[in-house]
2 protein chains.
Amino acid sequence: MTIRSIQRALQVLQALNCQPSSTIAALHQTTGLPKPTLVRILRTFEADGYVENDSRQGGYVLTARVVSLSAGFHSDPLVVEAGRAWAIALTRKHRWPISIALPDTDAVVVRFSTVPDSAMSPFHKTVNMRLAWLTRALGLGYFAFAPDDERELILSMLRNDQQAENDLARQPQMLDRLISGIRARGFATRAEYVEPRNSDTIAVPIFGQGGRVLASLGITYFRSAFPSATEACGRYVPILQAASREISEEVARILCAVHGKSPDTPPDLPN
Amino acid sequence: MTIRSIQRALQVLQALNCQPSSTIAALHQTTGLPKPTLVRILRTFEADGYVENDSRQGGYVLTARVVSLSAGFHSDPLVVEAGRAWAIALTRKHRWPISIALPDTDAVVVRFSTVPDSAMSPFHKTVNMRLAWLTRALGLGYFAFAPDDERELILSMLRNDQQAENDLARQPQMLDRLISGIRARGFATRAEYVEPRNSDTIAVPIFGQGGRVLASLGITYFRSAFPSATEACGRYVPILQAASREISEEVARILCAVHGKSPDTPPDLPN
DNA sequence: TGCCGCCGTTTCGCACTCCGAAACGGTGCG
DNA sequence: CGCACCGTTTCGGAGTGCGAAACGGCGGCA
């Protein structure tokens, strides 16, 4: 059971967003709600500071505070929203768990993972796991493709960090060699010397409009399932890269559709 | 009387905006609402597509659709929000009505006016009145200070327009002379040959951060109240310009405070 | 001037919607 | 195995939100 008054309130909020200012009559017209109901809803918004009612402005007007209702929505979750379907599809087809990681100050954070869907997974729970920038596949898969200024910003944070996993931040030459290798190959893998040794992750960047990296997309598998890492990469890198491109397009599509209220059309999933 | 369920819903929406993903327990913690209530509210949001609940993401997550709750909020109404207090104060002190106008394609639109507060007003209702770009003070007060590309865009719309008031768009030399005069003086007045002849308006631009024009701010008076237009301008232009500067600062202040939930602190009004 | 129509708001009594304590099923942990 | 915690469901009661109707104000019109 859903709460009717809330749905109506959201409906009114949407309507208010369509015009610089709205009269009761106009809202009544577009939402179909009875006028006393509208007055009550608007009075509630007003009490909380989301709208103001001023005859000098010709009715009810949104205030700057409405922004706080969606201010926390970077495009961060967007890439998860867009990527989820492909990640699930990939896991269904190839068995191994897929993860999407996003930057968060001094590490990347796994924001989505199909570990619960994958019978064969080296980990139990991965969501919200923080992974080091310079040793983990998902960290490097983002870092290596980030623009120079962003990389420099991250490094400046890591240099003050005592964690052994961030040692590379203090070894510019080695780091440069690692990064240019990753950029040349188009994907990153986990450093060999970090735990757990029995598994590996391959990660590729997901790009947004304008070519900026939004996130990294990774697949994790047991090393024992393949004769060599090269073999595994040869198999999964093209798949990840294709998925990454599709996710980028889906992000663009969602961004365009945000204003419309059309129901979500399910994307064409890989078969 | 306000509607409790809506207030709670907004509260939850705010909380969701503070974290990439939220569990029921976390929301219960921060909002203090009973868990069954939270579940109902979240289910409502989910039904309308504003949040998604996915264990793979570790709880409830906002979707791109939340943006539509504040997408209509350009910084347009913001300048009105910021300017209202000063406009009212100016009218109280100087009697004449003050208006704030914003661009809307082929004209400017009065979005705020103290006409209702002013006993002495040449007009009855002004809000939502559309004023021609090149003959009205509020149009010119914006146009003359807009960047070149924006001016060119507006002109390209006006050139196809049959309205007599937009004739100047087809007379580049005369227009240039008019515009550079306005820029030099720092304010605009209504063209002498348009109605109503018994009144005049003086308008100045309101600038945003980065020096872009946000709106124009105008005062309207009966010509018969002054021996000459020069006299009126000499008196009111400094006042309008000072108010414009204050409003710009207020806009900046609101923009900074948007995320915080601190109650609106009333600005220092001119005495 | 007086009448009419429209608009935003308030009233008020009833119905039903929303509420939340309690219980439930699941999962991870010691 | 028992415990603790978490998200979700149940369910009966009451308080909350509902909307038809009425109100007051304003502007237009004759």
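Residue numbering restarts at 1 for every chain, and letters A, B, ... go by the order of the sequence lines. The model shown is predicted, which means the values in this text are computed figures rather than measured ones.
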Asks: Can you tell which of dC18(C), dG7(D), dG20(C) lies closest to the side chain of A25(B)?
Replies: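 Per side-chain heavy atoms of A25(B), the pick is dG7(D).
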
Asks: Examine dC19(C): is either OP1 or OP2 under 4.0 Å from a nitrogen or oxygen in the side chain of T37(B)? Give yes or no.
Replies: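 Indeed not, no polar side-chain atom of T37(B) lies that close.
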
Asks: Just checking, is any N or O donor in the side chain of T63(B) or E52(B) under 3.5 Å from an acceptor N or O on the other one?
Replies: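 Looking only at side-chain atoms, E52(B) and T63(B) do not form any donor-acceptor pair under 3.5 Å.
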
Asks: Taking only side-chain N and O atoms of T23(A), does any of them lie within less than 4.0 angstrom of OP1 or OP2 on dG8(C)?
Replies: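 T23(A) to dG8(C) OP1/OP2: side-chain N or O found under 4.0 Å.
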
Asks: Determine whether the side chains of Q14(B) and S68(A) contain a donor N or O and an acceptor N or O closer than 3.5 Å.
Replies: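 Per modelled atom types, Q14(B) and S68(A) side chains form a pair under 3.5 Å.
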
Asks: Scan nucleotides 8-10 of chain D against the protein and return all N/O pairs shorter than 3.5 Å with their distances rounded to 0.1 Å.
Replies:
{"from": "dT8(D)", "atom 1": "OP1", "to": "N53(B)", "atom 2": "ND2", "distance (Å)": "3.0"}
{"from": "dT8(D)", "atom 1": "OP1", "to": "Y60(B)", "atom 2": "OH", "distance (Å)": "3.4"}
{"from": "dT8(D)", "atom 1": "OP2", "to": "Y60(B)", "atom 2": "OH", "distance (Å)": "2.8"}
{"from": "dT9(D)", "atom 1": "OP2", "to": "R43(B)", "atom 2": "NH2", "distance (Å)": "2.9"}

Asks: Between dG19(D), dG20(C), dC18(C), which one does the side chain of P34(B) approach most closely?
Replies: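 Out of dG19(D), dG20(C), dC18(C), the nucleotide with an atom closest to P34(B)'s side chain is dG20(C).
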
Asks: Examine distances only and state if a side-chain atom of Q11(A) and a backbone atom of T31(A) form a donor-acceptor pair shorter than 3.5 Å.
Replies: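 Flag set: sc Q11(A) to bb T31(A) pair under 3.5 Å.
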
Asks: Working to the nearest 0.5 Å, report the span between CG of L42(A) and CG of L13(A).
Replies: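 CG of L13(A) is found 9.5 Å from CG of L42(A).
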
Asks: Going by the angle between their ring planes, with limits at 30° and 60°, are Y236(A) and F226(A) parallel, tilted or perpendicular?
Replies: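 Aromatic pair Y236(A)/F226(A) classed perpendicular.
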
Asks: When you match A26(A) and I6(A) each to their closest nucleotide on DNA chain C, which lands nearer the 5' end?
Replies: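 Its nearest nucleotide lies further toward 5', so the answer is A26(A).
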
Asks: In whole Å, what is the span from the CD atom of Q7(A) to the P atom of dG17(D)?
Replies: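 It works out to 15 Å between those atoms.
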
Asks: Are R130(B) and D106(B) within salt-bridge range, i.e. N to O under 4.0 Å?
Replies: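 Between D106(B) and R130(B) there is a salt bridge, with a charged N closer than 4.0 Å to a carboxylate O.
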
Asks: Rounded to the nearest Å, what distance is computed from the CD1 atom of residue I41(A) to the C1' atom of nucleotide dC18(D)?
Replies: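 Going from CD1 in I41(A) over to C1' in dC18(D) covers 11 Å.
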
Asks: Using atom CD1 of I3(B) as one end and atom C1' of dG19(D) as the other, report the distance to the nearest whole Å.
Replies: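 So the two atoms are 12 Å apart, to the nearest Å.
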
Asks: Where the side chain of R197(A) meets the backbone of R223(A), is there a donor-acceptor pair that is under 3.5 Å apart?
Replies: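 Side chain of R197(A) to backbone of R223(A), a donor-acceptor pair under 3.5 Å: no, none is there.
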
Asks: Over how many whole Å does the gap from M1(A) atom CE to dC16(C) atom C1' extend?
Replies: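 Going from M1(A) (CE) to dC16(C) (C1'), I get 10 Å.
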
Asks: Using only heavy-atom distances, determine whether the side chains of T220(B) and R190(B) contain a donor-acceptor pair under 3.5 Å.
Replies: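 Absent: no donor and acceptor within the cut-off.
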
Asks: NE2 of H28(B) versus C1' of dG20(C): gap in Å, rounded?
Replies: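 So the NE2-C1' distance, H28(B) to dG20(C), works out to 11 Å.
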
Asks: Does any non-hydrogen side-chain atom of F45(B) lie less than 4.5 Å from one of I6(A)?
Replies: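 Yes, their side chains come closer than 4.5 Å.
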
Asks: Round to a whole Å and report the spacing from CZ of R8(A) to P of dC18(D).
Replies: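 For the pair R8(A) CZ and dC18(D) P, the rounded distance is 5 Å.
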
Asks: Strictly under 3.5 Å: I want the nitrogen or oxygen pairs between protein and nucleotides 27-30 of chain C, one per line.
Replies:
none

Asks: Would you indicate what T2(A) reaches in the nucleic acid, counting non-hydrogen atoms under 4.0 angstrom: base, sugar-phosphate, or nothing?
Replies: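 The residue T2(A) makes sugar-phosphate contact but no base contact.
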
Asks: Quickly work out the L38(B) CG to dG7(D) P distance and round it to whole Å.
Replies: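 Roughly 10 Å, once rounded to whole Å.
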
